[in-house]
Number of protein chains: 2
Amino acid sequence: MEPAHYQKLYALLKSQIQVGNFKEGDLLPSENELSTTHKIARMTVRRALMELANEGYIKKVKGKGSIVCATRKSLGILSFKGFSEVVGAEYAAKTMMLRAPIEMAWPERFFYKLSPEEEEAGCIMFERVRFVDEDPVMLEYSYLPNQNLDDFCTKPLLDGSLFKTLNIRYHIDIESFEQDIRAIVADEIIAFHFKIKPLTPLVQIYRRYHTNVPDYFVYSLIYCNTEKYTISNHQ
Amino acid sequence: MEPAHYQKLYALLKSQIQVGNFKEGDLLPSENELSTTHKIARMTVRRALMELANEGYIKKVKGKGSIVCATRKSLGILSFKGFSEVVGAEYAAKTMMLRAPIEMAWPERFFYKLSPEEEEAGCIMFERVRFVDEDPVMLEYSYLPNQNLDDFCTKPLLDGSLFKTLNIRYHIDIESFEQDIRAIVADEIIAFHFKIKPLTPLVQIYRRYHTNVPDYFVYSLIYCNTEKYTISNHQ
DNA sequence: GAGTGGTCTAGACCACCTG
DNA sequence: AGGTGGTCTAGACCACTCG
């Protein structure tokens with residue numbers, strides 16, 4: 001489906017900021033100007049700018065305009081985006097599949113309460129490490145209820161992206177998520193993957209993604225090494 | 001100033017959810033219905049519902065309606081709210097001033113880069129511990145550039161709230177913030193305040209609040225004990 | 001088919017900032 | 001005074017869900 005007008009304008013402005021056509025401190029064209037030049041209503045322009053502001057790309061100031069903000073140095077892992085989007089243009093993102101998808105029973109004492117239907121279906125699990133500039137910064141265990149996911153384990157992920165695979169092959173769209181965050185120390189397995197010493201502190205995130213399919217959720221257990229790159233909500 | 005229509009509707013619906021007039025799984029009245037009964041345009045209703053959805057109170061489903069979500073068990077510390085709002089109605093929140101506000105020079109190697117004007121002004125610093133149900137969960141060091149804050153150190157905070165004090169006494173409104181999050185281990189001082197063992201992992205947050213006063217920022221250094229209460233974006 | 005939320009329009013008035 | 005973003009209105013068409 002054709003993206004909405006506000007999404008197209010959002011994507012356009014975001015890429016222009018990332019590419020450097022607009023620099024820190026610059027003013028974006030005014031809402032009326034964008035409305036005229038793109039031939040869309042001002043309310044629609046405002047929606048695009050609202051998203052940019054929520055993600056920290058611009059700051060809106062009444063009476064002045066929309067000011068382009070500095071690009072952040074931290075990884076916007078807490079925001080609801082795919083990994084490569086989250087990392088931003090200034091770093092090189094890479095993902096490695098540590099354990100390919102397999103069908104299995106749910107782990108004991110799973111971190112979210114499962115419905116009887118989910119319990120019975122069992123799960124598909126896989127494990128990936130994410131790198132930023134060659135440093136492993138994120139270890140992610142993904143769990144999908146094993147319902148109507150034919151061939152998931154036999155075909156590789158599309159472009160290495162779980163979201164894209166779910167969308168294109170199974171028409172499942174990720175719409176939102178909830179997460180719980182805590183600090184823990186690395187055990188030996190995790191320390192090995194991150195190439196750090198055991199007992200190094202890590203951020204652990206439990207995450208439940210909501211989809212367009214009623215009662216179908218996707219789960220992730222994430223470990224973040226924040227020694228070199230901190231994490232944040234933006235970008 | 002009178003709150004906007006969408007803010008009033010947002011606050012009304014939120015309190016009705018918190019109080020239990022709407023329960024998990026319930027549908028809110030439809031947008032058209034809210035528009036009619038409150039005599040405001042549907043776009044204005046939508047803005048109120050948008051905020052509720054962003055904070056996780058409801059989930060909007062096309063063709064069905066706005067579904068009330070379960071209340072979370074974690075503390076929405078990562079969201080941009082005052083502490084008591086963040087904790088939610090189901091816990092008892094308490095704050096203790098550990099060190100009353102004093103004027104001082106900025107710490108060496110401050111966690112954000114300061115402007116020359118901020119450097120020169122020096123800062124006002126104070127230290128608070130936040131309790132949830134009698135457990136210390138958050139240690140917060142607050143730093144304000146010492147500019148035009150007459151009597152800040154000699155009068156107590158209004159209702160114990162920094163935001164309220166800045167707003168009413170100095171007409172400074174907090175409008176947004178940025179934060180960086182990492183995992184660390186407790187040193188002896190922090191462990192003492194949290195009544196935990198040194199080397200317990202903690203979440204550390206650097207935060208910079210943006211205000212309605214140009215180039216005036218408020219800074220916080222926060223430690224969270226996540227052993228008992230995890231943290232999240234919502235509520 | 002009736003009702004829902006998603007998107008969009010073309011206006012309007014306001015408070016705020018700057019020259 | 002002129003331009004900016006903040007709020008608001010009263011419509012409209014669409015895709016979706018459900019009985």
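Quick caveat, the model's predicted, so the values are computed rather than measured. Lettering of chains follows the sequences in order, A, B, ..., and the numbering in each one begins at 1.
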S.K.: For B:V61 and for A:K39, locate the closest nucleotide of DNA chain C by heavy-atom distance; then report the residue assigned to the nucleotide nearer the 5' terminus.
M.R.: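 Looking at the nearest nucleotide for each, B:V61 comes out on the 5' side.
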
S.K.: Hey, are B:R46 and B:E31 close enough for a salt bridge, meaning a charged N less than 4.0 Å from a carboxylate O?
M.R.: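 Salt bridge flag = yes for B:E31 with B:R46.
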
S.K.: Which whole-number value in Å describes the distance from A:K60 NZ to D:dT7 C1'?
M.R.: 11 Å

S.K.: Rounded off to whole Å, could you give me the CG-to-P distance for the B:N212 and C:dC17 pair?
M.R.: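 After rounding, the reported distance stands at 9 Å.
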
S.K.: Take A:M43 and A:K62, find for each the nucleotide of DNA chain C with the closest heavy atom, and name the residue whose nucleotide sits nearer the 5' end.
M.R.: A:M43

S.K.: CE of B:M50 versus C1' of C:dG6: gap in Å, rounded?
M.R.: 9 Å

S.K.: Scan A:L49 against the nucleic acid and name what it touches under 4.0 Å (heavy atoms): base, sugar-phosphate only, or nothing.
M.R.: nothing

S.K.: Heavy atoms from C-beta onward define the side chain here; which of D:dG5, D:dT9, C:dG6 lies closest to that of B:A41?
M.R.: D:dT9

S.K.: Just to confirm, is there a sub-4.0 Å distance from OP1 or OP2 of C:dT9 to any side-chain nitrogen or oxygen of A:T44?
M.R.: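 Answer yes for this pair, as a side-chain N or O of A:T44 is under 4.0 Å from OP1 or OP2.
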
S.K.: Which word best sums up how the rings of B:Y206 and B:F111 line up, parallel for under 30°, tilted for 30 to 60°, or perpendicular for over 60°?
M.R.: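 The rings of B:Y206 and B:F111 lie parallel, inter-plane angle below 30°.
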
S.K.: Rounding to a whole Å, what distance do you find between A:E31:CD and C:dA12:P?
M.R.: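 Rounded to the whole Å, the gap is 17 Å.
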
S.K.: Do any N or O atoms from the side chain of A:S35 and from the backbone of A:I40 form a donor-acceptor pair under 3.5 angstrom?
M.R.: yes

S.K.: Within this structure, what is the NE2-to-C1' distance between B:H38 and D:dC8, rounded to whole angstrom?
M.R.: 16 Å

S.K.: May I ask you to say whether A:K14 pairs ionically with A:E51, meaning some side-chain N is under 4.0 Å from a carboxylate O?
M.R.: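 No, this pair does not count.
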
S.K.: Measuring centre to centre across the rings, with the benzene-like ring taken for any Trp, is B:Y219 within less than 6.0 Å of B:F110?
M.R.: yes

S.K.: Do A:T95 and A:R130 have side-chain atoms, one donor and one acceptor, less than 3.5 Å apart?
M.R.: yes

S.K.: What's the CZ-P distance between B:R46 and C:dC8, to the nearest Å?
M.R.: 11 Å

S.K.: Within the distance-only criterion (no hydrogens, no angle test), does the side chain of B:E120 pair as donor or acceptor with the backbone N or O of B:E117 below 3.5 angstrom?
M.R.: no

S.K.: Please give, in whole Å, the distance from C:dC16 P to A:L27 CG?
M.R.: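 Interatomic distance, CG of A:L27 to P of C:dC16: 19 Å.
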
S.K.: Going by modelled atom types, is there a donor-acceptor pair between the base of C:dG6 and the side chain of A:R47 at under 3.5 Å?
M.R.: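 Flag unset: no donor-acceptor pair detected.
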
S.K.: Does B:S66 put a side-chain nitrogen or oxygen below 4.0 Å from OP1 or OP2 of C:dT4?
M.R.: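 So the side chain of B:S66 is outside the cut-off, no N or O lying under 4.0 Å from OP1 or OP2 of C:dT4.
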
S.K.: Determine: side-chain N/O of A:R42 to OP1/OP2 of C:dT9, distance under 4.0 Å, yes or no.
M.R.: no

S.K.: With a 4.0 Å heavy-atom cut-off, tell me which residues in residues 4-14 of chain A come close to DNA chain D, sorted by residue number.
M.R.: none

S.K.: Send over the distance from B:K64 NZ to D:dA15 C1', rounded to a whole Å.
M.R.: 16 Å

S.K.: Would you say A:S30 places a side-chain N or O within less than 4.0 Å of OP1 or OP2 belonging to D:dT4?
M.R.: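 Checking D:dT4 against A:S30, a side-chain N or O does come within under 4.0 Å of OP1 or OP2.
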
